[in-house]
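Convention: sequence-line order gives letters A, B, ...; per-chain numbering from 1.
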Number of protein chains: 4
Amino acid sequence: MPRVSDEYLLERQEQVLDAAIRCFAEGGFHATGMADVIRESGLSAGSVYRYYKSKDELIAAIITRLLGQLHGRLTQASAGATTPAEVIGGALGAASQTFDNTQINYARLLPQVWTEALRNPDIARQVQGSYGQIIEHLCGLAAQMQAGGTLDPQLDPRGVAHVMLSAVQGFMLQKLMLAQDIDSATYAAAASQMFAVAAQDV
Amino acid sequence: MPRVSDEYLLERQEQVLDAAIRCFAEGGFHATGMADVIRESGLSAGSVYRYYKSKDELIAAIITRLLGQLHGRLTQASAGATTPAEVIGGALGAASQTFDNTQINYARLLPQVWTEALRNPDIARQVQGSYGQIIEHLCGLAAQMQAGGTLDPQLDPRGVAHVMLSAVQGFMLQKLMLAQDIDSATYAAAASQMFAVAAQDV
Amino acid sequence: MPRVSDEYLLERQEQVLDAAIRCFAEGGFHATGMADVIRESGLSAGSVYRYYKSKDELIAAIITRLLGQLHGRLTQASAGATTPAEVIGGALGAASQTFDNTQINYARLLPQVWTEALRNPDIARQVQGSYGQIIEHLCGLAAQMQAGGTLDPQLDPRGVAHVMLSAVQGFMLQKLMLAQDIDSATYAAAASQMFAVAAQDV
Amino acid sequence: MPRVSDEYLLERQEQVLDAAIRCFAEGGFHATGMADVIRESGLSAGSVYRYYKSKDELIAAIITRLLGQLHGRLTQASAGATTPAEVIGGALGAASQTFDNTQINYARLLPQVWTEALRNPDIARQVQGSYGQIIEHLCGLAAQMQAGGTLDPQLDPRGVAHVMLSAVQGFMLQKLMLAQDIDSATYAAAASQMFAVAAQDV
DNA sequence: CATGAATGAGGGTTCATTCAT
DNA sequence: GATGAATGAACCCTCATTCAT
């Protein structure tokens, strides 16, 4: 089956990656065997290994994609926001989308990424890069809001950025851990309001 | 009718648990082998398995201890607080302690616990229980603060509790992932202030 | 009714064989993968397999060529010899040539052939045939020399042939194993002299 | 089955080594799988790997033993020899023993060792060491014989040593390759006589 | 009770070969 | 006739766990 288009090859690679994401989101990086991924992909062992040289490389690719999506959605969702409430609302909305995929619950990969980052320097670097960019983005927004009078100018913009990120991370984590106990709307409302008033005393 | 005292047995059990925590915090649940734990404990394989029937049981025991400590410290640290700033400040202070142990960085176990909870129903239940109690506790505090006029009474106390927990979880997570980039004091200051003003307009 | 000329096909076949020899002499039959041979040949997997049905067949072809060269050079080099010293000298000279190819060190294939002959009956037969012919040739020379008075007539000509072959095989082997320690000229001198005097007492 | 004697452990290790030698002598290093060795050893995979960390380590151990035996037998067999014929006779006798083991034909490992030495620097070093010692030993004997008047003093002792080694190596190789065609006694007789006369003209 | 040698299913990965294009 | 993506059996090795001593 030679002389196939680059497009074809990329599709095949996606096919493997998607299968792997489905498996890993379901069972975790370590409890899931390559045999599972291979079966799910519908390809043979050899083919899977043609596209990803090792399980680690496959995991790294998944993490790259996940962090890329996360960063993209988060920055996009809060891009034009002019008040803390809008930032938080947008970011939580984006975060919620992660759970909406009926095929794959991407969010389930997140704690695994954090765990992996603790052991794997390459992944640690990726995570640092992604979160670093997000922090920078939020930092910029905070500064703009302070300039625009919607955020207390005495707050450290960097500190604000970290706390905002916490609101998102905590939301996803608690949604994963306490599924039935946390209501997205309630959480978003509380978070938005709490951050919203942060400039009232200016 | 044991030949040795119960005290002796409990000490041995602690010895194993401590060794396991050290290993798992360092290398992760999956990358760490029982051989590592056995070596670190100074006991024999048979002995380790006398106290913990399986690796999973050992992990479960560690998680129980970790969640217990977390819950204890968090509720204790925020017990008498009467303002959001005090709650957050106390909780973050307690969270910071987790990193202070020069021997073991307990915090490194946290993402692993979250990851494990996604696959292991027993652990999921444990985590739900612990975080549920924490949420209840924070809920109670929120209600008290609303009654005391230090928190906007229009906010949903449960929502506030979740957001407060997020502040703690996000802090620990970001400290783990972005070590050099996050300053505990700056974060605490920003968080405290942001939550503090939440009743200003009342 | 091929579209391409037989000549073309033979050239392609040579191309594959040469690439394989280069690879196998370098890395050994087993450590070298077909992928290496395919890459080195500049052809595709399908093409390589068009000319040689399997790795084993390729190896067999290489061995056939190698043994043919060996037999040819050895018999030719000692063809007109009338004294033991001439035989040995000629044979060692021919053997030395094997090392002289700057591209490929054919000699490195020799121990591999011996090893392969132990497992593969087809190759064993080839090796027996080649060495058998060489022995016959040396036998004939020995008989001639005995008749000519340059070799002790009491010696068994077949025994003499085997010992002479040993001188060559040992030379090549030791040159491969002890590269820096063995000097071709010294070895040849010693061997020639030792065999040379074998008729002195007649 | 703990608290076993060191002796017991060594016996087990021997058990694995012997099984491996039997397998490798039969089928070759590469065609023989660890599964074969494991089956032959009568132990489990885990146990085999307790005693030898990898297939390579097992092969290295076998080669060490083989070269040790070879060196030991060869030097011992020719230790007190005072004439070339005695040296050759002794060495060939020792070499013949290698074939006599009804359980394992150690000689079949020899070409494999040579082959392996071409690719594996560690083994190359071992082989160089062993053969180097043998050469030194034969060198010493040659010098003694020259002093004693049983070997032409004009011969280079080192060259003589190499040629003598060739006689042994060639004998073993030809016995392996041409089994039915070579008679140990005939070969030994021819070799002994040819070398024996090497001092006649002194 | 403690010991640690033994277990063996299962892990990730490779590679000679094929055949649809 | 050439291509090279696909195949899958087989490879070497690990590791949680057990049980004879």
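- Of the two residues contacting DNA chain F, namely B/A31 and D/A31, the nearest-nucleotide position lying further toward the 5' end is that of D/A31.
- Taking the side chain as every heavy atom from C-beta outward, D/R12 and D/V4 never approach each other to under 4.5 Å.
- As rounded to whole Å, 13 Å separates atom P of E/dT14 from atom CG of C/D36.
- With rounding to whole Å, A/H30 atom NE2 is found 16 Å from F/dA16 atom C1'.
- Looking at which nucleotide of DNA chain F each of A/L9 and B/G33 is closest to, the 5′-most match is held by A/L9.
- Between B/D18 and B/R22 there is a side-chain heavy-atom pair separated by less than 4.5 Å.
- Ring pair B/F24/B/F29 is perpendicular by interplanar angle, where above 60° counts as perpendicular and below 30° as parallel.
- In this structure, CZ of D/F29 is placed 18 Å from C1' of F/dC11, rounded to the nearest angstrom.
- Evaluation of the side-chain hydrogen bond (donor to acceptor under 3.5 Å, both in side chains) rule for D/R108 yields no partner, not counting sequence neighbours.
- Non-hydrogen atoms lying under 4.0 Å from DNA chain F are contributed by D/S54, D/K55, all within residues 53-65 of chain D.
- Residue contacts for D/T32: at a heavy-atom cut-off of 4.0 Å it reaches the sugar-phosphate backbone alone, with no base atom in range.
- In this structure, the side chains of A/Y106 and A/L66 come closer than 4.5 Å at one or more pairs of heavy atoms.
- A/T64 meets the side-chain contact (heavy atoms from CB on, under 4.5 Å) test with A/Q126; sequence neighbours excluded.
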Canonical and wobble pairing (Watson-Crick, G-U, under 3.5 Å) of DNA chain E, dot-bracket with |
.||||||||||||||||||||
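- Taking the six-membered ring for Trp and thresholds of 30 and 60 degrees, A/H30 and B/H30 have nearly parallel ring planes, at less than 30 degrees apart.
- Proximity of C/K55 to C/I59: side-chain heavy atoms (C-beta onward) are separated by under 4.5 Å at one or more points.
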Side chain to side chain donor-acceptor pair (under 3.5 Å), that's the test. Do A/R125 and A/Q128 meet it? Break it down for me.
CA-CA 5 Å; A/R125 231 169 290 129; A/Q128 276 170 40; over 6 Å; no
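- Within residues 38-51 of chain C, the residues approaching DNA chain E are C/A45, C/Y49, by heavy-atom distance under 4.0 Å.
- At least one side-chain heavy atom of D/L118 sits under 4.5 Å from a side-chain heavy atom of C/P111.
- Residue A/Y8 has a polar side-chain atom (N or O) positioned under 4.0 Å from OP1 or OP2 of F/dA6.
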Return a table of donor-acceptor pairs under 3.5 angstrom between the side chains of residues 45-54 of chain C and protein atoms on other chains or two or more places apart.
from	atom 1	to	atom 2	distance (Å)
C/S47	OG	C/S44	OG	3.1
C/S54	OG	C/D56	N	3.4
C/S54	OG	C/E57	N	3.1

